[in-house]
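Heads up, the thing below is written out as structure tokens.
Here, residue 1 is the first one in the sequence, and each next residue gets the next number.
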Amino acid sequence: MKFFKPTVVAIALLSVMGCQEPAKQEEKAVVLDTEIQKQAYGLGASIGMYMERNLEEHNKMGLTLDKSLIIRGFTDSMDGKSLIEKEDIQALLMNLDQAMKAKQQEQASVSAEASLAEGQKFLDENAKKDGVKVTDSGIQYEVLTAAEGDKPAATDTVKVHYKGTFLNGETFDSSYDRGEPIEFPLNGVIPGWTEGVQLMSVGSKFKFTIPSDLAYGPNGSRSIPGNSVLEFEVELLEIKKPKAPAQVGDK
């Protein structure tokens with residue numbers, strides 16, 4: 001049984017509802033003979049595992065929460081009582097959520113500034129390497145496998161295999177790992193891809209080093225930190241031209 005993934009506020013509303021000190025009671029032996037018993041225990045374990053991850057994130061942000069009070073709040077609420085009024089709990093948890101978001105934003109800003117400096121240093125050094133070319137916009141590329149033939153336009157759809165890595169070599173995305181190439185309109189991706197892939201012919205393989213302003217910028221994305229310089233190995237497999245619009249009178 002998969003437990004739902006609640007928000008920080010929702011899980012806190014669940015867990016802040018009080019508890020008894022378990023150390024003051026004799027712990028009973030746990031019986032897990034039946035499916036429903038195992039499901040009940042699994043539900044509790046799921047809540048606990050989520051809360052443990054949640055508390056780790058709070059600790060990293062300097063917002064350490066007392067685990068015993070969380071347990072106390074949980075068990076009190078299960079018994080239909082609470083040391084704090086429901087309305088006050090909601091306000092407290094909204095404040096906690098806002099404090100957590102502020103800490104995360106502060107940390108992200110510090111990290112983005114560091115990434116900007118690190119990225120620029122890498123770009124300066126990488127541009128001096130043999131075989132590395134730099135476009136007017138600042139994209140750096142190496143030809144790993146050369147090929148002759150037509151090159152795509154920004155309005156074309158392309159089919160590619162690719163691997164994307166951070167500057168530390170960690171892969172964040174790879175069509176090779178998924179076992180199949182990907183198709184996309186060339187004007188529907190990050191600017192570094194739109195410009196860079198237009199330099200390629202079918203059958204060629206390039207390595208692109210893309211400055212952050214031509215990738216995901218200062219805000220990053222869900223999996224890309226802000227101001228990240230990214231590296232991609234791209235293999236162009238096919239170019240698909242857009243279909244011509246139907247002419248008046250065509251059947």
TODO: Among I70, D66, L63, find the one that has a side-chain contact (heavy atoms from CB on, under 4.5 Å) with L55.
DONE: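 In the set I70, D66, L63, the residue that makes a side-chain contact (heavy atoms from CB on, under 4.5 Å) with L55 is I70.
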Please tell me if the side chains of [X] and [Y] come closer than 4.5 Å, counting only heavy atoms from C-beta onward.
X: K205; Y: V234; answer: no
X: D156; Y: P242; answer: yes
X: T155; Y: L186; answer: no
X: Y216; Y: L230; answer: yes
X: K163; Y: T165; answer: yes
X: F122; Y: E231; answer: yes
X: V160; Y: S175; answer: no

Any side-chain to backbone donor/acceptor pair from [X] onto [Y]? Under 3.5 Å, distance only.
X: S201; Y: S204; answer: no
X: S212; Y: G217; answer: no
X: T135; Y: I139; answer: yes
X: Q37; Y: T34; answer: yes
X: S82; Y: E85; answer: no
X: D177; Y: S174; answer: no
X: D79; Y: K81; answer: no

To the nearest 0.5 Å, what is the distance between [atom1] ([X]) and [atom2] ([Y])?
X: K38; Y: D33; atom1: NZ; atom2: CG; answer: 8.0 Å
X: K159; Y: E238; atom1: NZ; atom2: CD; answer: 5.5 Å
X: I239; Y: Q198; atom1: CD1; atom2: CD; answer: 10.0 Å
X: K121; Y: L116; atom1: NZ; atom2: CG; answer: 14.0 Å
X: Y162; Y: L237; atom1: OH; atom2: CG; answer: 12.5 Å
X: Q39; Y: I36; atom1: CD; atom2: CD1; answer: 4.5 Å

Would you please say whether a donor-acceptor pair under 3.5 Å links the side chains of [X] and [Y]?
X: E233; Y: Y176; value: no
X: N59; Y: T64; value: yes
X: D124; Y: Q120; value: yes

Would a single hydrophobic cluster contain both [Y] and [X], if residues Ile, Leu, Val, Met, Phe, Trp and Tyr are joined by side-chain heavy-atom contacts under 4.5 Å?
X: I47; Y: I89; value: yes
X: L214; Y: V229; value: no
X: V189; Y: I224; value: yes
X: M51; Y: L93; value: yes
X: I182; Y: V197; value: yes

Any idea which heavy atoms bring [X] and [Y] closest together, and the distance?
X: G138; Y: P211; value: O-CG, 3.4 Å
X: A127; Y: V134; value: CB-CG2, 4.1 Å
X: L236; Y: P152; value: CD2-CD, 4.0 Å
X: H58; Y: L65; value: CD2-CD1, 4.0 Å
X: L167; Y: G119; value: CD1-CA, 4.1 Å
X: S223; Y: P225; value: O-CD, 3.8 Å

Taking NZ, NE, NH1 and NH2 as the nitrogens, is one of them in [X] or [Y] under 4.0 Å from a carboxylate oxygen of the other?
X: K67; Y: E52; value: yes
X: E57; Y: K60; value: yes
X: D173; Y: R178; value: yes

[X] atom [atom1]: more than 12 heavy-atom contacts under 6.0 Å:
X: K151; atom1: NZ; answer: yes
X: K133; atom1: NZ; answer: no
X: N168; atom1: CG; answer: yes

Open item on the list: My understanding is that only residues two or more places apart in sequence, or in another chain, count here; which of them pass ring pair (Phe, Tyr, Trp, His ring centres under 6.0 Å) with F184?
Closed with: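 Expected list: W193.
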Task: Output field: ring centroids F232/F172 closer than 6.0 Å - done: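 Yes: the rings meet the under 6.0 Å criterion.
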Open item on the list: With salt bridge (Lys or Arg N to Asp or Glu O under 4.0 Å) as the rule and sequence neighbours excluded, what pairs involving residues 179-198 come up?
Closed with: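 Of all non-adjacent pairs touching residues 179-198, those that pass salt bridge (Lys or Arg N to Asp or Glu O under 4.0 Å) are E183-K240.
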